Amino acid sequence: MDSKNLTLFNRIKDSDIYFSFIKSPTAIVSTVTLIIIFFCSFFVELVTPYNPFDPSSLSLMDAFTPPSWTEDGLAKFILGTDGQGRDMLATILYGSRISLIVGFSAVIFALVLGVSLGLTAGYFGGKYEMVVMRLTDVQLTVPSILMALLVDGIARGIISRELHDEMAIYVLIFAIGISEWPQFARVSRAATLVEKNKDYVSASTIIGVSNLIIMFKHILPNILRPVLVIGTIGLALAIIAEATLSFLGVGVPPTTPSLGTLIRLGNDFLFSGEWWITFFPAIFLVILAFSINLLGDWMRDTLNPKLN
Amino acid sequence: MKPKNLLRTLLAFLFVFASTQAFAKTIKWSMQGDSLTLDPHAQNEGPTTQVSRQIYEALVTRGLDMSIGPQLATKWKAVDPNTWYFFLREDVKFSNGQKMTSEDVVFSILRAKQPTSDFKEYISTVSGVKAIDDYTVQIKTSKPNPILLNQLSNIFIMSKQWSNENFAVVPQNWDAGQETFSATNAMGTGPFKITLREPNTKTVFKKNNKWWGNVEHNITEIQLLPIKNAATRVAALLSGEIDLVTDAPVQDLARITASAGHKVESTPQMRTIFLGMDQAADKLRSGNTGDNPFKKKEVRQALYQAIDIEAIKKKVMRGLSEPAGIITFPGVTGYTKALDKRLPYDVDAAKKLLADAGYPNGFDVELRCPNDRYVNDEAICTAVVGMLGKIGVNVNLFAQTKSKHFKELKDDQGDFYMLGWGVPTLDSHYVFHYLYETDASWNKVNFSDADVDAAIRVMEGEVDLDKRNAAIAKAWKIVRDNIAYLPLHHQVISWASKTNVNVPIRPNNEPLFRFSSVN
């Protein structure tokens, strides 16, 4: 076992990707930042003693405490508290977890949908390809935020109010996912068209391997590189889309706030000098999206120079 | 065209432009919500009346000092305790030029008594209205009514002919979501008329040149532009896009005062904010216990004592509220300081009460709140959710826009809800008649007490003020001891405007643009 692990480690260490990674300070910084954010968000219970979702643990008298380094700040609330007396740091981390869950799920949904449609379209061609590609064209003419608003609106119409709060997060994932799939479909179709004519595909066809196995076992691994690049950048877009929708008030309910909801709630206090309520979630969102984008850029440069 | 002529033409245009700019005085007015309907009898709600008040008038009205004075009637007399005569002004015209006569007054009062009217409680004692001649109206009451004038000051007079022509003979059935011509159009005798109505977006009032009154204002146009988001509303005010905000957010008053071109005025408002708990339902719609905990007075008291009203005052209202013990305020007949005292805030006592009532682990309930009606309404509710959580009552907050909130309350969908109550008549009877009387239209907690009902009858028919006051005091004591509602606080309102805009602030939050000016 040990030797096998060692070889895997050595393989990674000898690879081009690793070499490119340690030569790129932006990639290292953004990866470290993301690891910290992911850890703090998903293990937030270990990081902070506060649970902002438990209303009975809050005290209204703590509300509007400024950050700890300012004059009226308290050491127990590092980034201050919001209008309900919730610790800002804990609230941001819990909010970031929801944002990340929505972002990841939406991208995975878009990726699965987009790649399956793009791959099959590129492989089979013909009328099917035409229909799928025209569908992506149509979809791309509708701004993704409008698409997401539309989906959310329809969902509100058909789902009862009691159910909607519980369903909100799934609706959001679907809404963002459905507005991002055409990117994946286009890229995977283009890559499939290239791979389709290569000898290994012809060889598989000749020896009678079924279409399904050719597509998903042989072609798919070869087109994954560009798809992963798009997926990384798509993650940043999905997180921002989630924040936008929540800021507009159609995202997750305020009882389980995401970053966008927090920015919206804090917006009411911008003029009154309680800047930290909206500033910290906003700056957190910027750092998160920026790090993902930087990592995505590095991946694009390394994995797929052609995509430039 | 020769260059010289062109120059002249341009100069002429410039002159016309400059002069209209100088004479056009526009006030852009904003608040968080809009009037619900222009039909003056369909909804008895603050902002709705605030809009109607600029276009419609009543027989008598309250002036800037809140005292009752003549409006469409110049004088009145009661020939016996049940018969009143009102003598109308003879020079009143509606904004379409048609003369107002006693026929219109009779029509409007009868219209406000229709089942779909939300003002029928105001004039429930009026048993007959008759036109004696063109400018004399006789009103008969079923019993002596000491507050008839107060009540009539809220019954707006419409044109009979206009209503007939536009299928508006009965008030819009707002509760059923009916759409009528009168809900989006208005034609009154007031100092302004509506020229554009886009609900929740923009309402334009123009000066009514046919108005009978002495023009004391210099306004040619008012635009009502509701902006729901508090920060956006303040930003619009500070950037000069809006001239007047009649519900300036408490957290931003310091910022607005600090701005050179703006001013802030505050006054205690004639409005009390409270929570209602349905005491009649067998089972809470949103509960988890299978019964209705609110039926027990101990539970209601536990919720009452679990609310730290001082914390709400300090943190949510920034000091601009007055904790309340009853749903009425100084200035209203029947108010006393002793009644307005709250039960003490005591979490341990609340927990014990809840355990004694059989709910040691609390229960689930949904709290319904408007989010664009009262000062920081949603924030108050959020704070209440946290405070009740501390005694184990798991409250799920449902905040929505006021039109839906009110409609669903009227539809009996609320277990636990927030409401605010003003008293336009400045008499306790109004509160009891709407909120406490058995089956009253806004008695959505379904409170019922024979003694209170009897006291309400006394308030309506007793002209001996000592006896009447005794009845009011007795009724307040009963409802207070029963914790029929959970009072929170009396609102303080703040108006913010540009320094050159003078709109006198009034404790009922109703601007009277006929006394306003723009310099």
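Keep in mind that what you see is a predicted model, and the values were worked out from it rather than measured. Below, chain A is the first sequence line, B the second, and so on; all start at residue 1.
Listed by chain and residue number, A:Glu274 satisfy the side chain to side chain donor-acceptor pair (under 3.5 Å) test with B:Arg318 (two or more places apart in sequence, or in another chain). Not counting sequence neighbours, the partners of B:Ala399 by the side-chain contact (heavy atoms from CB on, under 4.5 Å) test are B:Cys369, B:Asn371, B:Glu378.
Contacts of B:Ala311 with chain A are made by both backbone and side-chain atoms, with heavy-atom separations under 4.5 Å. Neither the backbone nor the side chain of B:Glu310 comes within contact range of chain A; no heavy atoms are under 4.5 Å apart. For B:Ala230, the parts lying near chain A are the backbone and the side chain together; criterion is any non-hydrogen pair under 4.5 Å. Of the two parts of A:Leu270, neither the backbone nor the side chain holds a non-hydrogen atom closer than 4.5 Å to a non-hydrogen atom of chain B.
Exactly one of B:Ile312, B:Thr382, B:Asp308, B:Val384 qualifies for a side chain to side chain contact (heavy atoms under 4.5 Å, CB included) with A:Leu60. That residue is B:Ile312.
Summarising the geometry, atom OG belonging to A:Ser59 is positioned 9.0 Å from atom NZ belonging to B:Lys315; distances are rounded to the nearest 0.5 Å. Separation of atoms CG (B:Leu237) and CZ (A:Phe271) is listed at 9.5 Å; rounding is to 0.5 Å.
Other residues, nucleotides and ligands place more than 12 heavy atoms under 6.0 Å from the CZ atom of A:Phe53. Other residues, nucleotides and ligands contribute over 12 non-hydrogen atoms within 6.0 Å of the NZ atom of B:Lys390. Other residues, nucleotides and ligands contribute at most 12 non-hydrogen atoms within 6.0 Å of the NZ atom of B:Lys352. Within a 6.0 Å sphere centred on CD1 of A:Ile78, heavy atoms belonging to other residues, nucleotides or ligands number 12 at most.
By number of non-hydrogen pairs under 4.5 angstrom with chain A, the leading residue of B:Asn396, B:Asp252, B:Val250 is B:Asp252.
The two atoms that bring A:Asn267 and B:Ala231 nearest to each other are O-CB, 3.2 Å, heavy atoms only.
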